[in-house]
Amino acid sequence: MPGNAHNIDRPSAGAITGQFGRNQQTPDYLRGLNEEQREAVLSTDGPLLVLAGAGTGKTRVLTTRIAHILTTKRAWPSEILSVTFTNKAAREMKERIGHLVGAGVEGMPWLGTFHSIGARILRRHAELVDLKSDFTILDTDDQIRLIKQLLDAENIDEKRWPARQLAGMMDTWKNRGLGPEDVSPADSGSYANGRGARLYAAYQNRLKVLNAADFGDLLLLNIKIFKEYPDVLAYYHGKFKYMLVDEYQDSNVAQYLWLRLLAQGKPASQANICVVGDDDQSIYGWRGAEVDNILRFEKDFPGAKVIKLERNYRSTSNILKAASTLIAFNEGRLGKTLQTDVGETGEPVSVTSVWDSEEEARTVGDEIENYQRQGETLNSMAILVRASFQMREFEERFITLGLNYRVIGGPRFYERKEIRDAIAYLRVVANPSDGLSFERIVNTPKRGLGDSTVQMLHNTSRSANVSLLAATRMLLETEELKPKQRSTLRELVSQFDNWSSRLQSLPHYELAEQILDESGYTAMWQADKSPDSPGRLENLKELVRSMEEFETLGGFLEHISLVMDRDTAEAEDAVSIMTLHSAKGLEFDTVFLPGWEEGLFPSQRTMDESGRAGLEEERRLAYVGITRARKRARLSVAQNRRIHGLWQSAIPSRFLDELPPEAVDVKDTGSSYGGYGYGGGATSRFNKADPFESVYETPGWQRARAQQSNRKGGGPLTIEGDLVARSVDLGGDRSAFGIGERVFHLKFGYGAISDIEGNKLTIDFEKAGRKKVLESFIKKG
DNA sequence: TCGCCCTATATAAGG
DNA sequence: TATAGGGCGA
């Protein structure tokens with residue numbers, strides 16, 4: 001990395017380097033940092049905001065700063081609170097700090113995610129909020145099941161008011177730091193006629209009874225404790241001498257409140273809090289993140305030092321220019337200008353217009369093979385998509401080509417059905433009062449215990465106010481259960497007793513294996529003939545294997561609910577396919593960015609829901625995408641795309657019009673029938689006096705507008721085909737067309753209708769083959 | 001209670 | 001198009 005230790009004796013740096021003494025050597029860990037990075041590392045005391053643009057060495061600054069604090073003995077490892085959002089980031093930091101300070105300093109017990117640290121604090125003080133320190137952490141699945149029970153008890157039609165929706169609302173409230181008492185019926189008016197708030201309260205009560213907390217509670221209950229028990233808060237004030245926060249732009253209100261409370265040990269102007277982030281990379285607004293947190297840091301902590309890292313060590317100047325020009329269309333930025341330190345203009349950013357998403361996948365595949373032939377590794381290339389449904393076409397193409405790829409993201413290891421089932425067994429063994437887990441597996445594998453039996457267990461559990469397992473024991477003593485169910489349950493209960501007793505004598509991973517065998521769970525998948533069952537069995541083995549790394553069953557269960565994420569084996573050379581969101585923080589030589597079409601990117605749904613703010617977040621996402629590239633960014637637009645099986649025509653994304661023409665190379669694969677291809681709209685904006693105004697007059701934008709107004713009139717559609725399809729269906733099933741009729745389609749040309757479902761027509765086109773399209777795209781031939 | 005068939009639905013995703 | 005979940009019949 002450039003930026004050698006050239007400035008150590010310069011007067012400007014003298015003040016901060018003075019602490020090492022005139023003749024002392026600069027510590028190793030400071031070598032190779034540029035001036036701003038070094039200042040960020042050395043400004044240990046007082047509030048500090050580090051605005052770190054993409055590729056400017058953010059993680060390096062954070063880890064070096066910690067190393068510096070440790071080496072200069074300003075604090076012990078246990079006195080530094082350092083929070084990240086993801087386990088991956090936390091792991092990476094631990095590793096890098098280890099490298100910097102050597103193995104001498106063990107631990108950093110308070111380096112972790114918001115949630116793992118929150119859980120740690122909550123376990124210590126659980127009794128203050130009516131929990132026991134061994135409370136279980138509910139995952140999304142448990143949460144939904146619990147809500148369904150509540151809805152059932154309240155006689156709310158789950159069809160009309162889906163449990164997911166309420167879960168989403170409660171998540172939003174918790175992200176904003178609102179407990180049930182802070183939510184008014186008016187806030188929840190959109191759910192079950194304003195009963196949302198009451199359900200929220202009922203949900204929280206159930207959690208207490210179950211001795212459980214969900215992810216939101218981990219922070220919310222911390223805040224509650226800090227507010228109500230000043231002595232507890234004071235303890236942490238004394239404990240944490242330094243606080244560091246990574247990706248601050250992603251923090252939500254609850255996290256913000258949590259941090260503020262912890263920072264209150266000193267006057268705001270002297271708090272040793274350092275936050276690092278990039279407002280231009282805030283892409284999680286839909287998850288509750290408040291960009292505002294970072295924008296207002298200087299107000300929260302008066303006198304805060306602000307350091308901008310603007311030297312980019314990643315991308316060529318063409319790539320940076322494209323990204324910077326694009327992001328400049330956003331308002332309300334703190335404003336940074338990235339300067340390349342790579343020193344190369346590099347290839348222009350390419351924009352390719354293709355006929356449809358199939359051609360897009362073909363083109364990308366070809367290009368990848370070309371680069372591969374030139375000696376580049378597949379590991380150095382990635383495809384970043386806006387929505388996961390875009391991935392499939394690439395996967396299919398790559399399978400045909402025999403091109404190695406890996407999908408990053410997707411369902412995570414512990415979210416798999418088989419893993420959750422196995423964990424449910426283990427949870428009941430570790431904690432027999434865990435009713436949700438017990439319910440999950442009473443009839444898995446199938447034991448002939450259906451809804452009515454489970455219902456009976458629930459009733460007894462509720463009326464006797466005991467756990468589900470205890471209720472089961474009670475029922476076994478009565479005549480209420482049918483003989484068959486009774487003997488099955490008796491068998492199951494005695495199995496659990498048996499397993500629990502073995503917990504003392506056996507290593508927990510051996511016990512786990514026995515549980516899976518004896519319960520018949522393994523056998524269930526062995527008997528299963530579906531193609532993914534071998535994989536599931538493999539996952540179960542992996543689970544047992546991973547248990548060996550833990551001392552106790554309890555330790556393992558804590559880990560699995562908070563930490564376990566999917567292993568991304570990087571041994572093999574493979575192209576990465578992932579969403580733009582999961583690409584944040586990564587970099588590749590070559591980045592393919594397909595699907596730059598209005599409605600898909602920027603996403604229509606985001607714009608509908610969040611308007612201008614939504615559009616700006618989409619633009620930041622585009623910025624994140626482009627800045628992942630070191631050498632090449634290759635964007636593409638498809639003129640036609642299949643969404644949920646229906647072909648729809650699309651217009652180029654307005655973001656393409658916002659790229660600087662001098663850094664962009666526009667290509668057309670020539671397979672368009674003219675008219676709609678992306679024809680270098682990037683030039684038009686530069687004829688206008690004010691680029692910020694005129695962006696909405698670019699061809700892409702105008703086409704989008706035209707499309708939108710047409711929609712109401714029943715004209716051509718962009719993405720809402722399904723909606724319209726339904727309303728037309730209501731008018732009867734008759735179509736203006738008949739089977740066998742010759743028709744014309746603006747894109748696909750002439751063809752004959754082979755099937756009609758409502759207003760969806762299947763047509764065999766003479767040139768384009770068989771497609772399913774909406775009737776409104778078709779004219780009589 | 002099980003299992004099949006039909007239909008409703010479809011971003012992004014961290015802990 | 002693909003899948004998941006609910007309803008209903010055996």
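Residue numbers start from 1 in every chain, and the chains themselves are labelled A, B, ... in the order their sequence lines are given, proteins ahead of strands. Everything quoted here is computed from the prediction, not taken from an experiment.
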Original post:
In terms of the angle between their ring planes, are A:Tyr284 and A:His581 parallel, tilted or perpendicular, with boundaries placed at 30° and 60°?
Top reply: tilted

**OP:** Starting from C1' on B:dA12, measure out to CE on A:Met391 and report it in whole angstrom.
**Re:** 10 Å

Original post:
Taking atom P of B:dG15 as reference, at what distance in whole Å does atom CD1 of A:Ile137 sit?
Top reply: 13 Å

Original post:
Does B:dG15 have A:Phe85 stacked on its base, where the ring centres are within less than 5.5 Å and the planes differ by under 30°?
Top reply: no

Subject >> Under-4.0 Å salt bridge between A:Arg654 and A:Glu598 >> reply: yes

**OP:** Between B:dG15, B:dG3, B:dT11, spot the one nearest the side chain of A:Ala387, thanks.
**Re:** B:dT11

**OP:** Just compare B:dC2, B:dT11, B:dG15 and give me whichever is closest to any side-chain atom of A:Ser603.
**Re:** B:dT11

Original post:
Quick one: OG1 on A:Thr136 to CG on A:Asp142, what's the gap to the nearest 0.5 Å?
Top reply: 8.0 Å

Original post:
Does OP1 or OP2 of B:dT1 have a side-chain N or O of A:Ser452 closer than 4.0 Å?
Top reply: yes

Subject >> Spacing of A:Arg392 atom CZ relative to C:dA2 atom P, expressed in whole Å >> reply: 5 Å

Original post:
Just how far, in rounded Å, is P of B:dA8 from CD of A:Glu158?
Top reply: 16 Å

Original post:
Just wondering, do A:His581 and B:dA13 stack (centres under 5.5 Å, planes under 30°)?
Top reply: no

Subject >> Verdict with supporting geometry, A:Asn539 and A:Glu418, side chain to side chain donor-acceptor pair (under 3.5 Å) >> reply: CA-CA 8 Å; A:Asn539 288 337; A:Glu418 66 276 16; 2.8 Å; yes

Original post:
In whole Å, what is the span from the CZ atom of A:Arg605 to the P atom of B:dA13?
Top reply: 13 Å

Original post:
Taking N and O atoms by type only, does the side chain of A:Arg287 place a donor or acceptor under 3.5 Å from a partner on the base of B:dA12?
Top reply: no

Original post:
Between A:Thr579 and B:dA13, does any side-chain N or O lie under 4.0 Å from OP1 or OP2?
Top reply: yes

Subject >> A:Lys148 NZ - C:dG6 C1' separation (whole Å) >> reply: 10 Å

Original post:
Base, sugar-phosphate, or nothing: which does A:Glu618 touch, judged by heavy atoms less than 4.0 Å apart?
Top reply: nothing

Original post:
If pairs are Watson-Crick or G-U with both distances under 3.5 Å, what is the dot-bracket string of DNA chain B, marking crossing pairs with [ ] and pairs to another strand with |?
Top reply: ||||||||||.....

Original post:
Between A:Asn330 and A:Tyr623, is any side-chain donor less than 3.5 angstrom from a side-chain acceptor?
Top reply: no

**OP:** For the pair A:Trp258 and A:Phe226, name the ring-plane relationship: parallel under 30°, tilted 30 to 60°, perpendicular over 60°.
**Re:** tilted

Original post:
Looking for any heavy atom pair under 4.0 Å, which part of the strands does A:Thr606 touch: base, sugar-phosphate only, or nothing?
Top reply: base

Original post:
Just how far, in rounded Å, is P of B:dA12 from CG of A:Leu580?
Top reply: 11 Å

Original post:
Any donor-acceptor pair under 3.5 Å between the side chain of A:Arg386 and the base of B:dT11?
Top reply: yes

**OP:** Using a cut-off of strictly less than 4.0 Å, decide whether A:Lys159 has a side-chain nitrogen or oxygen near OP1 or OP2 of B:dT9.
**Re:** no

Original post:
Which of these nucleotides, B:dT1, C:dT1, B:dG15, is closest to any side-chain atom of A:Leu562?
Top reply: B:dG15

Original post:
NA contact type, A:Asn443, heavy-atom cut-off 4.0 Å: base, sugar-phosphate, or nothing?
Top reply: sugar-phosphate

Subject >> Interatomic distance where CZ belongs to A:Arg641 and P belongs to C:dT1 [whole Å] >> reply: 17 Å

Original post:
Is it true that A:Glu247 and A:Lys58 make a salt bridge, defined as a side-chain N closer than 4.0 Å to a carboxylate O?
Top reply: yes

Subject >> Phosphate-side-chain proximity, A:Ser388 and B:dT11, N/O vs OP1/OP2 below 4.0 Å >> reply: no

Original post:
Between A:Ile117 and A:Ser82, what is the shortest heavy-atom contact and its length?
Top reply: CD1-O, 3.9 Å

Original post:
Out of B:dT11, B:dG15, C:dA2, which nucleotide sits closest to the side chain of A:Tyr414?
Top reply: B:dG15

